[in-house]
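What you are looking at is a predicted structure, and each value in this text was computed from that prediction instead of being measured. As a basis for the values below, the full set of heavy atoms in this structure was taken, side chains included, without hydrogen atoms, waters or symmetry mates.
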Amino acid sequence: MGVHNGERDNSNYSTIPKGAKPTLEKNDSFFTRKRFDFIFKEEKQLKEAYKEITKVEDLLSPGNSACLGCHAELALRTTLRVLGPNTILAIPPGCMGGIGVVGFQGGAGTKIPVFFPLLDNTSAMLAGIKRAYRRQGRDDINVVAFAGDGGTADAGFQSLSGAAERGENIIYICYDNEAYMNTGVQRSGTTPKWSWTQTTPVGEVSRGKSQKGKDMPMIMAQHGIPYVATANPSYMPDYIEKLKKAMQVKDGMAYIHLYSACPTGWKFPTEKTIEVGKLAVETNLYPLWECENGKFRITHKERKKRPIGEYTQSMQKYQHLTEHNLLELQEAVDNNYRRLEKLCKM
């Protein structure tokens, strides 16, 4: 490539020196479809998923006040595309309500009915709505909560647990950004151990949160409800399939726990959200699984696990961790994953 004798040569766009051979050739025995089939398969799944959801109407306002790089906003937009217009949505106080979804400029941020329950009664309100529609013979309405971790694991847990035990037929989605982000990054029940937040500071005395976070997906699975799953917007095809399964549940609650990376509260570059989400799965910190009628199944297995240090180094809220802390965290991650594998064999 370049200009030779006044004419541009476009025959070679690489920087390979003259005479050098390319790393991979068409007939190279290393470069086989069998060996790299997982790459082709993941790419195909991603293309098919986005092709499917972009065919339907976007039911979320194209403009809102979500932070740049918000994982939860991406998830909510996709969620509504999958659920469709026959949906009633409840968003308790938190980031997704705060960005204007439940009302701005005299209207709502969605093209479907949406309302603001209290932090502590979301499940109870949705249970009443679902029962009212069933009494009218309308069993085709998706009655859905899209709630943060504070409204799920803390203030709203009593209502959620009661609705699960009663077998209320609602879809409950928790977008877990691991703190009360809408009010300034205060710790919640799901905030992981050692995390920096405004109420678990890092200094000479405090080294971040000293308690472990609640394992909400496992807690909900122990309620014996028909469907529980973990999901991650960085793995959108997996999430879409789990949403579809949740919509098919008619004999109880479907609960999806959605990992939601937060560049504002976790302090990482806004363009790195998808990468951070992938690291959570690639390190086995946040494995993707589902429990369908009591049967556990891992829905995405990593071919090669990455060390937890790669995840903690990707954000500032863990920058204070010592080598000892990392070893303890790695041990906890490994133990949790082994427990999940045992559950899948039961």
Q: Please tell me if the side chains of Thr122 and Leu160 come closer than 4.5 Å, counting only heavy atoms from C-beta onward.
A: no
Q | Centroid-centroid under 6.0 Å between Tyr259 and Trp266 rings | A | yes
Q. Are Lys244 and Glu241 within salt-bridge range, i.e. N to O under 4.0 Å?
A. yes
(Q) With no hydrogens and no angle check, just 3.5 Å: does a side-chain donor-acceptor pair link Ser234 and His71? (A)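 The answer is yes; a qualifying pair exists.
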Q. According to a 4.5 Å side-chain heavy-atom criterion applied to Ile, Leu, Val, Met, Phe, Trp and Tyr, with indirect links allowed, do Leu59 and Ile141 form part of one hydrophobic cluster?
A. no
Validation: residues 215-225 side-chain donor-acceptor distances under 3.5 Å, sequence neighbours left out:
{"unit_1": "Asp215", "atom_1": "OD2", "unit_2": "Arg339", "atom_2": "NH2", "d": "2.8"}
{"unit_1": "His223", "atom_1": "ND1", "unit_2": "Ile219", "atom_2": "O", "d": "2.8"}
{"unit_1": "His223", "atom_1": "NE2", "unit_2": "Ser161", "atom_2": "OG", "d": "2.7"}

Q: Assess whether atom OH of Tyr133 is packed by more than 12 heavy atoms of other residues, nucleotides or ligands within 6.0 Å.
A: no
Q. Is there a side chain to side chain donor-acceptor pair (under 3.5 Å) between Arg306 and Asn284 once you walk through the steps?
A. CA-CA 8 Å; Arg306 301 172 72 169; Asn284 284 345; over 6 Å; no
**Q.** Heavy-atom pair of closest approach, residues Ile91 and Val101
**A.** CD1-CG1, 3.5 Å
Q. For the residue pair Thr283 and Pro307, what are the closest heavy atoms and their distance?
A. CG2-O, 3.4 Å
Q. Under the 6.0 Å and 45° cation-pi test, does Lys242 pair with Tyr227?
A. no
**Q.** Selection residues 158-204 - residue pairs positive for ring pair (Phe, Tyr, Trp, His ring centres under 6.0 Å), sequence neighbours left out
**A.** Phe146-Tyr175, Tyr172-Tyr255
